[in-house]
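One structure is given here, and the rest of the page talks about it.
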Amino acid sequence: MSVETVLIDALIRAAETLGLSTGSLPAVEIGRPRQKGHGDLSSNLAMVLASHFKKNPRQVAEELLRHLRLDSGLILKTEIAGPGFINFTLNPDYFFETLRRILRDGKKYGCSDRGKGKKTQVEFVSANPTGPLTIGHGRQAVIGDTIARLLEATGHEVVREYYFNDAGRQMRVLGDSVRLRYLELIGMAVTFPDEYYQGAYIREIAQKAVEEKGDSLKSGDATDYFSGLAEQEIFALIRQTLDRLGIRFDVFYNEKSLYETGKIDAVLQALRGKDLAYEADGATWFRTTRFGMEQDRVIVKSTGEPTYRLPDIAYHKDKMDRGFDLIVDIFGADHIATYPDVLAGMEALGYDPSRVKVLIHQFVTLTEGREKIKMSTRKANFVTLDELMDEVGADVTRYFFLNRSMSSHLNFDLTLAKTQSDENPVYYVQYAHARISSILRKAGEAGLDPDGEADLTRLRAPEEMDLIKALGTFPEVVSDAAEQFEPHRIPAYLEELATLYHRFQHAGKEDESLRVLSKDREASQARLALCRATRTVLANGLSLLGISKPEKM
RNA sequence: GCCCCUGUAGCUCAGUUGGACAGAGCAGCUGACUUCUAAUCAGCAGGUCGGGCGUUCGAAUCGCCCCGGGGGUACCA
């Protein structure tokens, strides 16, 4: 039983002796004061009950305290503060126990089984192979991968999936773009349309075609060859980029297969069978108005070609049929309009739409100093994810994207990322890890045992206690981040933890007796244990972010 | 017009789901190294939380109305 539940039980019992029936009690909550000096835990119960008793909250708090029976081995001190908070100070033994647990659990510390065995799919990136991944894709890739890692850490069984389409208009234009560059390369005069893909990579693919085929394709329709070649080359590039970021997909799902296996038709039939699809103006419409939307939507154009909605619905039906309990879709803000239709589709087909969790991340605005750089795959003026990693490395790239909540626009100043990479917070966190590694190495030389037994009660300095307390909240941070799908909580936590560690180690510089490797052997062993526990948590956190854990810097 | 995101220190952003005097990093200014790696630490300065009204014991957080920025509102994806 956690301390929180113990306290809640005790508070409820105290409230009952004041004449409140359990039924009329509001939900009792235990919070963590953010201010030092307000104890370790606090309850707002007195303030919530004040209006019921028509008394002042501090007075209610006093009465509650008078009836509160607490285990002194757990709670050291209670106090009424502020407008009527009851603050609890925990017995340090409690924290030493969590420290032991960290040392015992190691890599598992922070993991939980909240999502025990839940079959979960995370779909992200899903960029069509029309060009190198951009910085916008990068944000999604890193967010998606980290959410997958968080879900794994909380016991989910995760499949990472990339959905793409290599048919359709986009790919035809791509193939034809390559064809025109090819013709140019073999010396023919062509006019290259504005709306075609302008990037230099198109020429490189065309060059490959020249090497493979010479000028044998100068006449006739070889668009299929060109788009096939382009897809192959570009996908290889995309996988390579993802690999640099440490991202591996379990499944690459091709939209085309939905047609080949008849899944598209099956959806159409099913919708028609339920009178949820109808023909009008030469097109086929989905009765989305049945599901609370303002207008019906076209799912098959008058040309006979489906709109994106139909395959999207068929794809999600397939996810449902594959038995996923939780389906996480990660989209950029530009796709925000597509998901209500997909969810309506699920409902129409008799599935529970609440199994789908749609996460929308806002755009990345790339700036160079004050200049905004516009990003578009078709125009040549984008900065690729690879170029970014060339400049700042994979760790910084991942960290930058994970640092901020996905609902806020990300302002990525390229000049800042390049010139200030030394001052990037990721190094601050990594440095704490490296520093600990170094001190553990030194411990052996000093005749201490870095992995040895320790009397943890020797840890009493404020710098030590603050660090221990922070280590104890890690599992909660991880499960909250996973549950809320908010990866940015992890870097925020790690920065705080790194600060506490740096402060702890620095204390030894001001006060000789607080050094980790001191003359007091027992104190040293206890501090080494604290170092090890801190390194474990830093390492586990960095692993969740997919960022390296240097032993030296 | 309607829908989604957003507005917090000079800049970039957090804010534990309604709690205690609003926080961090960077930039600025002071100080601390023959180091258990100073890629560090301590301190100072910096705010009408876009504006207004409301709900509440209590609002950056919830509701309504304005103002600004971004995205969407296709028989494009």
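Each chain gets a letter, A, B and so on, in the order its sequence line appears, and its residues count up from 1.
Glycosidic conformation at B/U48 (O4'-C1'-N9-C4 for purines, O4'-C1'-N1-C2 for pyrimidines): anti, more than 90° from 0.
In this structure, the side chain of A/Asp296 engages the main chain of A/Thr289 through a donor-acceptor pair within 3.5 Å. In this structure a side-chain-to-backbone donor-acceptor pair under 3.5 Å is missing from A/Ser42 to A/Ile86. In this structure, A/Arg139 contributes its side chain and A/Gln362 its backbone to a donor-acceptor pair below 3.5 Å. When atom types are taken as modelled, the side chain of A/His433 and the backbone of A/Pro550 share a donor-acceptor pair closer than 3.5 angstrom.
Residue contacts for A/Ala432: at a heavy-atom cut-off of 4.0 Å it reaches no nucleic acid atom on any strand shown. Using a 4.0 Å heavy-atom cutoff across all strands shown, A/Asn411 reaches sugar-phosphate atoms only and no base atom. A/Ala507 comes within 4.0 angstrom of no nucleic acid atom, judged by non-hydrogen atoms across all strands. Among the heavy atoms of the strands lying under 4.0 Å from A/Pro33 is at least one base atom, whether or not backbone atoms are also near. If you check every strand for non-hydrogen atoms under 4.0 Å, A/Asp296 touches nothing. Among the atoms of the strands shown, none is found under 4.0 Å from any heavy atom of A/Ala50. Using a 4.0 Å heavy-atom criterion, one finds that A/His502 contacts the sugar-phosphate atoms exclusively. Note on A/Ser42: a base of the nucleic acid sits closer than 4.0 angstrom, heavy atoms only. Within 4.0 Å (heavy atoms only), A/Phe363 reaches sugar-phosphate atoms of the nucleic acid but no base atom. The residue A/Thr307 sits close only to the backbone: its heavy atoms come under 4.0 Å of sugar-phosphate atoms, none of a base. Counting any heavy atom pair closer than 4.0 Å across all strands shown, A/Tyr428 reaches sugar-phosphate atoms only and no base atom. Within 4.0 Å of A/His488, counting heavy atoms only, lie sugar-phosphate atoms of the nucleic acid but no base atom. Across all strands shown, A/Asn424 has no heavy atoms under 4.0 Å from either base or sugar-phosphate atoms. Here A/Arg489 lies in heavy-atom contact (under 4.0 Å) with a base.
Spacing of C1' atoms, B/A60 relative to B/U48, comes out at 13 Å, to the nearest Å. Using P as the reference atom, B/G15 and B/A9 are 15 Å apart when rounded to the nearest Å. Comparing the P positions of B/A42 and B/U61 gives a spacing of 31 Å, expressed to the nearest Å. B/G50 and B/U8 are spaced 10 Å apart, taking the C1' atom of each and rounding to whole Å.
Comparing A/Leu410 and A/Ile360, the nucleotide of RNA chain B nearest to each residue sits closer to the 5' end for A/Ile360. With the nearest nucleotide of RNA chain B identified for both A/Gln362 and A/Lys36, A/Gln362 has the one nearer the 5' end.
Distances shorter than 4.0 Å separate none of the side-chain N or O atoms of A/His409 from OP1 or OP2 on B/G7. In this structure, A/Thr473 does not reach the B/U16 phosphate: none of its side-chain N or O atoms is under 4.0 Å from OP1 or OP2. Contact annotation: A/Thr499 does not reach the phosphate of B/U40 (side-chain N/O to OP1 or OP2, under 4.0 Å). For B/A74, the OP1/OP2 oxygens have no side-chain nitrogen or oxygen of A/Lys301 closer than 4.0 Å. Taking only side-chain nitrogens and oxygens, A/Arg503 never comes nearer than 4.0 Å to OP1 or OP2 of B/C41. Regarding contacts with the backbone of B/A20, a side-chain N or O of A/Arg34 is found under 4.0 angstrom from either OP1 or OP2.
On a pure distance criterion of 3.5 Å, no polar donor-acceptor pair joins the side chain of A/Glu305 and the base of B/C75. A donor and an acceptor atom sit less than 3.5 Å apart, one in the side chain of A/Ser302 and one in the base of B/C75. Under 3.5 Å, the side chain of A/Asp334 and the base of B/G72 form no donor-acceptor pair of N or O atoms. The base of B/U40 is not paired with the side chain of A/Arg435 by any donor and acceptor separated by under 3.5 Å. For A/Asn403 and B/A24, a side-chain-to-base donor-acceptor distance below 3.5 Å is absent, hydrogens and geometry of angles not being considered. Judged by distance alone, with hydrogens and angles left aside, A/Gln484 brings a side-chain donor or acceptor within reach of the base of B/U17, the pair sitting under 3.5 Å.
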Please test A/Lys357 against A/Asp329 for salt bridge (Lys or Arg N to Asp or Glu O under 4.0 Å), starting from the C-alpha separation and ending with a verdict.
CA-CA 6 Å; A/Lys357 176 74 187 174; A/Asp329 287 351; over 6 Å; no
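Rounded to whole angstrom, the span from the CD1 atom of A/Ile30 across to the P atom of B/G19 amounts to 14 Å. The distance between atom CD of A/Glu79 and atom C1' of B/A20, rounded to the nearest whole Å, is 13 Å. Straight-line distance from the CG atom of A/Asp341 to the C1' atom of B/C75: 13 Å, rounded to whole Å. With rounding to whole Å, A/Tyr308 atom OH is found 7 Å from B/A77 atom P. Rounded to whole angstrom, the span from the CD atom of A/Gln505 across to the P atom of B/C33 amounts to 17 Å. Atom pair A/Leu45:CG and B/G58:P shows a separation of 18 Å (rounding to whole Å applied). Atom-to-atom, NE2 of A/His38 to P of B/A22 comes out at 12 Å; the value is rounded to the nearest Å.
The side chain of A/Tyr431 has B/U40 as its nearest neighbour among B/C5, B/U40, B/A74. Taking every side-chain heavy atom of A/Ile336 into account, B/C4 is the closest of B/C75, B/C4, B/A20. With B/A39, B/C41, B/C5 as the choices, the nucleotide that has an atom nearest any side-chain atom of A/His506 turns out to be B/C41.
Base pairing annotation: B/A22 forms no Watson-Crick or G-U wobble pair, as no partner gives both donor-acceptor distances under 3.5 Å. Across all strands shown, the partner of B/C41 is B/G31, judged by Watson-Crick or G-U wobble contacts whose two distances both fall under 3.5 Å. Look at B/U17: it lacks any Watson-Crick or wobble partner with both distances under 3.5 angstrom. Pairing of B/C62, defined by two Watson-Crick or G-U wobble distances under 3.5 Å, is identified with B/G54.
Taking each heavy atom of A/Arg489 and A/Val477 in turn, the nearest pair found is O-CG1, 4.1 Å.
Under a cutoff of 6.0 Å and an axis angle of 45°, A/Lys469 and A/Phe95 form a cation-pi pair.
Residue A/Glu4 qualifies as enclosed at atom CD: its count of foreign heavy atoms under 6.0 Å is above 12.
Note: A/Tyr278 and A/Trp285 have parallel aromatic rings, judged against thresholds of 30 and 60 degrees for the angle between ring planes.
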